[in-house]
Amino acid sequence: MANIYDLANEMEREIRQLPEYKAVEESKKAIYADNEAKTLWTEFLKIQEKVQGTMQSGQMPSQEQQEEMTALGQKIEANTILKEYFDQQQRLSLYISDIEKIIYSPLQDLTK
């Protein structure tokens with residue numbers, strides 16, 4: 001029987017070789033190569049961190065935070081570099097979702 005950790009490490013290496021993973025990598029490089037995209041990206045990360053902190057403390061984001069995220073989302077949608085990044089990220093997440101289903105299947109069987 002193969003060592004489960006070896007299999008997990010092999011899977012990690014294989015994920016990095018997926019064309020979808022490489023596309024996300026390239027899209028991320030493009031963000032940092034463009035000042036406007038980089039500024040929006042940095043703003044997105046800051047707002048996301050604030051909202052997550054709010055939610056982790058058991059609160060809902062304020063109306064102001066929600067409006068800020070909505071406005072930023074519109075700017076991101078209008079920026080072709082960031083839009084491409086999020087599109088590529090979505091494609092990769094389909095693979096990850098399928099892999100999670102496979103990995104967690106035995107654990108779900110235990111709760112049935």
Side-chain angles (χ1 to χ4, degrees):
M1 184 169 159
N3 181 324
I4 197 158
Y5 293 105
D6 291 341
L7 293 172
N9 285 312
E10 182 179 345
M11 183 181 305
E12 181 261 345
R13 288 187 297 274
E14 291 297 323
I15 287 171
R16 291 179 187 276
Q17 297 306 311
L18 289 171
E20 290 79 6
Y21 181 89
K22 292 186 180 291
V24 172
E25 273 187 322
E26 290 303 312
S27 294
K28 190 168 183 182
K29 287 178 188 176
I31 291 170
Y32 287 98
D34 181 88
N35 285 335
E36 180 185 348
K38 184 178 176 182
T39 299
L40 285 171
W41 177 250
T42 302
E43 187 179 347
F44 168 77
L45 293 176
K46 285 179 185 176
I47 292 171
Q48 183 182 46
E49 187 177 320
K50 277 195 312 190
V51 169
Q52 285 177 343
T54 299
M55 293 177 76
Q56 286 176 346
S57 69
Q59 300 174 29
M60 291 299 294
S62 68
Q63 183 68 29
E64 181 183 326
Q65 286 176 321
Q66 291 177 27
E67 289 171 3
E68 193 175 16
M69 283 297 286
T70 299
L72 184 58
Q74 291 170 347
K75 289 179 187 177
I76 288 171
E77 280 291 318
N79 184 290
T80 56
I81 294 169
L82 286 169
K83 185 170 180 345
E84 177 67 16
Y85 172 80
F86 284 108
D87 289 347
Q88 294 299 339
Q89 188 80 309
Q90 180 65 32
R91 288 183 187 99
L92 178 60
S93 73
L94 292 174
Y95 275 97
I96 302 306
S97 177
D98 288 345
I99 291 168
E100 285 176 342
K101 287 177 189 172
I102 294 166
I103 290 171
Y104 288 110
S105 175
L107 300 175
Q108 290 175 343
D109 289 348
L110 292 174
T111 61
K112 292 180 183 176

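Residues: numbered from 1 along the sequence shown.
For the atom pair Glu43 CD and Met69 CE, the distance stands at 10.0 Å (nearest 0.5 Å). For the atom pair CD (Glu68) and NZ (Lys46), the distance works out to 11.0 Å, reported to the nearest 0.5 Å. Taking CD1 from Ile96 and CG from Leu92, the interatomic distance works out to 5.0 Å, rounded to the nearest 0.5 Å. We find the OG1-CG distance between Thr80 and Asp34 to be 8.0 Å, quoted to the nearest 0.5 Å.
Contact between Tyr21 and Ile15 at its shortest, heavy atoms only, is CB-O, 3.2 Å. The heavy-atom pair separating Ser27 from Glu84 by the smallest distance is OG-CG, 3.7 Å. Considering every non-hydrogen atom in both Ile81 and Asn79, the closest pair reads N-OD1, 3.0 Å. Nearest heavy atoms, Gln65 versus Thr54: NE2-OG1, 3.3 Å.
When atom types are taken as modelled, the side chain of Gln89 and the backbone of Val24 share no donor-acceptor pair closer than 3.5 angstrom. Judged by distance alone, the side chain of Ser97 and the main-chain N or O of Leu94 form no donor-acceptor pair under 3.5 Å. At distances below 3.5 Å, not a single donor-acceptor pair connects side-chain atoms of Ser105 with backbone N or O atoms of Ile102.
Taking the six-membered ring for Trp, Tyr85 and Phe44 have ring centres at least 6.0 Å apart.
Considering only heavy atoms from C-beta on, Met11 stays 4.5 Å or farther from Glu14 through its side chain. Ile76 places a side-chain heavy atom less than 4.5 Å from the side chain of Leu72.
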Exercise for review: Take Lys22 and Glu25 through the side-chain contact (heavy atoms from CB on, under 4.5 Å) test and state the conclusion after the steps.
Suggested key: CA-CA 5 Å; Lys22 292 186 180 291; Glu25 273 187 322; 4.3 Å; yes
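Around atom CG of Asn35, no more than 12 heavy atoms belonging to other residues, nucleotides or ligands sit under 6.0 Å away.
By the 4.0 Å N-to-carboxylate-O rule, Asp87 lies too far from Arg91 to be salt-bridged with it. A salt bridge links Glu26 to Lys29: at least one charged side-chain nitrogen sits closer than 4.0 Å to a carboxylate oxygen. Residues Arg16 and Glu12 are paired through a salt bridge, judged by an N-O separation under 4.0 Å between the basic side chain and the carboxylate.
Counted by atom type alone, Glu67 and Gln63 present one or more donor-acceptor pairs between their side chains at under 3.5 Å.
Criterion: ILVMFWY side-chain heavy atoms under 4.5 Å apart, direct or through other members. Under it, Leu45 and Met55 are part of a common hydrophobic cluster.
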